[in-house]
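The structure appears right after this line, and notes come after that.
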Amino acid sequence: MTDVFGTSHKDVHEQVVFCADEQSGLRAIIAVHNTALGPALGGTRFYPYENEQAALADVLNLARGMSYKNALAGLDLGGGKAVIIGDPARLKSEALLRAYGRFVESLGGRYITACDVGTYSEDMDVVARESRHVTGRTLAHGGAGDSSVLTSFGVFQGMRASAERVFGTPSLHGRRVGVEGVGKVGHRLVNGLREAGAEVVICDVDPRAIERVRQRHPEVEVVADAQALTTSDIDVFAPCALGGALDDTTVAGLRARIVCGAANNQLAHPGVEKQLADRGILYAPDYVVNSGGVIQVADEIEGFSMERARAKAAQIYDTTLKIFGIASDEGVPPAAAADRLAERRMSEVGRIRAIWLGH
């Protein structure tokens with residue numbers, strides 16, 4: 001049984017809501033992890049989980065990650081996430097999305113939703129017909145559009161900061177980068193890397209995704225799978241698929257000097273970050289470098305400006321370097337340094353909300 005309340009202060013979630021609508025087939029879970037900085041913002045993942053326990057474990061983990069991501073992105077937003085259980089290709093419908101929107105609205109603004117795996121801006125437009133608390137909408141409806149634009153941009157900034165730390169220059173020209181997963185974010189990252197003069201190696205379980213990249217960049221090398229990618233001669237490994245890419249076996253065989261990618265929850269279990277550090281591999285914490293997407297959709301709350309959102313996402317470079325500096329000064333892995341920095345902001349800024357306003 002997944003421990004909803006958690007075993008430490010980091011893992012305690014403020015609220016978990018189970019949502020069901022039999023007629024549309026909706027089965028969803030919304031998790032609100034922490035609202036110290038503001039309402040919880042996080043995307044909706046539509047995925048065919050093996051069972052409800054797997055869905056619950058994923059949404060709890062993802063919601064916690066959003067608290068830390070939003071804190072380090074400098075947003076006045078807490079962390080939350082939602083999952084819809086099922087195959088989106090088979091189950092997604094207007095009725096299901098609108099039913100889900102009703103549940104989001106029932107939380108009264110404690111949770112603001114957006115896109116994630118299996119959902120798109122067009123879906124958020126449908127959800128928004130039943131809820132005011134939706135971001136990541138299409139441009140036609142005043143939204144930010146596809147959040148993968150600034151997600152990939154932010155990962156690229158984090159990669160530049162990592163290169164600065166390891167190689168003494170932020171330039172990625174001539175560096176060999178392995179990208180695992182070239183879907184929504186990964187294919188945009190490949191575009192940026194090629195423009196910067198990097199050599200790129202890719203893999204993906206979907207041959208259509210590979211073909212899309214090869215049509216634009218026929219020079220990109222393709223390998224069979226993630227194992228072939230991580231054990232090849234690369235300078236940077238960029239996990240851009242689902243979580244858990246860095247486990248004991250992967251780290252032991254990894255030849256890259258930097259890990260910096262878009263996937264959430266890349267560390268398969270606690271302790272992997274120390275294994276990376278012991279091997280001299282610099283790990284750029286995932287929730288730091290992939291925060292460009294949440295920065296993009298959060299900007300909708302003010303009235304979207306791509307220029308303003310892009311300028312904020314560019315700060316990921318400085319934040320990443322700051323974390324590396326703290327890690328070095330305090331003798332801890334970058335993942336631990338990032339957690340400490342995020343927790344400090346949640347505590348310091350969150351405390352201000354205790355000041356009574358008289359109403």
Side-chain angles (χ1 to χ4, degrees), residues 1-5 13-35 39-67 70 77-138 140-141 143-148 183-184 242-243 264-265 293-294 297-298 300-301:
M1 176 66 182
T2 300
D3 187 352
V4 176
F5 288 100
H13 290 68
E14 293 179 6
Q15 187 175 14
V16 180
V17 180
F18 294 82
C19 317
D21 178 63
E22 184 176 358
Q23 191 164 343
S24 68
L26 174 72
R27 289 188 302 151
I29 308 172
I30 301 171
V32 174
H33 176 259
N34 186 292
T35 56
L41 171 63
T44 298
R45 178 166 294 189
F46 203 143
Y47 189 76
Y49 293 96
E50 184 177 344
N51 52 52
E52 292 177 5
Q53 287 303 312
L56 177 59
D58 198 31
V59 76
L60 294 177
N61 202 24
L62 290 166
R64 175 186 176 275
M66 289 305 303
S67 292
N70 292 342
L77 294 164
K81 203 79 175 186
V83 296
I84 298 175
I85 302 169
D87 180 358
R90 186 173 61 87
L91 285 180
K92 190 186 294 183
S93 67
E94 177 188 350
L96 182 147
L97 292 172
R98 291 183 72 157
Y100 170 65
R102 298 289 289 184
F103 285 106
V104 172
E105 184 66 19
S106 74
L107 295 178
R110 278 180 54 77
Y111 170 65
I112 303 169
T113 197
C115 307
D116 197 75
V117 174
T119 59
Y120 300 85
S121 296
E122 292 78 8
D123 298 326
M124 292 304 108
D125 286 345
V126 179
V127 174
R129 292 169 72 176
E130 301 295 340
S131 177
R132 297 162 292 169
H133 310 294
V134 182
T135 59
R137 299 190 62 188
T138 61
H141 286 274
D146 185 356
S147 63
S148 66
K184 272 187 183 180
L242 294 178
N264 288 310
N265 302 319
V294 75
V297 298
E300 286 184 33
I301 296 170

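- Residues Thr119 and Ala114 approach most closely at OG1-O, 4.3 Å, considering heavy atoms.
- The shortest non-hydrogen separation linking Ala298 to Leu41 is CB-CD2, 3.8 Å.
- Here the CZ-CG distance, from Arg137 to Asp125, works out to 4.5 Å after rounding to the nearest 0.5 Å.
- Within the 4.5 Å cutoff, side-chain heavy atoms of Arg27 are placed close to those of Glu52.
- Scanning all heavy atoms of the two residues, the minimum distance from His33 to Ser67 falls at ND1-OG, 2.7 Å.
- Under the side chain to side chain donor-acceptor pair (under 3.5 Å) criterion, the residue pairs touching residues 104-115 are Glu14-Arg110, Gln15-Arg110, Thr44-Thr113, Tyr100-Thr113, Glu105-Ser131, Glu105-Arg132, Tyr111-Thr113, with sequence neighbours excluded.
- Within the 4.5 Å cutoff, no side-chain heavy atoms of Arg98 are placed close to those of Asp21.
- Across Pro39 and Ile112, no two heavy atoms sit closer than the pair CG-CD1, 3.9 Å.
- With sequence neighbours left out, Ala20 forms a side-chain contact (heavy atoms from CB on, under 4.5 Å) with no residue at all.
- Taking CD1 of Ile30 as the start and SG of Cys19 as the end, the distance is 4.0 Å to the nearest 0.5 Å.
- At distances below 3.5 Å, not a single donor-acceptor pair connects side-chain atoms of Glu122 with backbone N or O atoms of Thr138.
- Atom OG1 of residue Thr35 and atom CG of residue Leu77 lie 11.0 Å apart, to the nearest 0.5 angstrom.
- Minimum interatomic distance between Gly80 and Ala40 (heavy atoms only, all atoms of both residues): N-CB, 3.6 Å.
- When atom types are taken as modelled, the side chain of Asn61 and the backbone of Asp58 share no donor-acceptor pair closer than 3.5 angstrom.
- Judged by distance alone, the side chain of Lys92 and the main-chain N or O of Gly118 form a donor-acceptor pair under 3.5 Å.
- To the nearest 0.5 Å, atom CG of residue Leu97 and atom OG of residue Ser24 are 9.0 Å apart.
- Residues meeting the side-chain hydrogen bond (donor to acceptor under 3.5 Å, both in side chains) test with Lys184, sequence neighbours left out: none.
- With contacts defined as side-chain heavy-atom distances shorter than 4.5 Å, the pair Lys81/Asp116 qualifies.
- When all heavy atoms of Pro48 and Asp87 are compared, the pair lying nearest together is CB-N, 4.0 Å.
- The distance from atom CD1 of Ile85 to atom CZ of Phe46, rounded to the nearest 0.5 Å, is 10.0 Å.
- Judged by distance alone, the side chain of His13 and the main-chain N or O of Leu60 form a donor-acceptor pair under 3.5 Å.
- Side chains of Leu56 and Val16 form a contact here, defined as non-hydrogen atoms less than 4.5 Å apart.
- Considering CE of Met66 and CG of Asn264, their distance stands at 7.5 Å, rounded to 0.5 Å.
- Side-chain atoms of Glu300 do not come within 3.5 Å of backbone N or O of Thr135 as any donor-acceptor pair.
- Side-chain atoms of Asn70 come within 3.5 Å of backbone N or O of Gly78 as a donor-acceptor pair.
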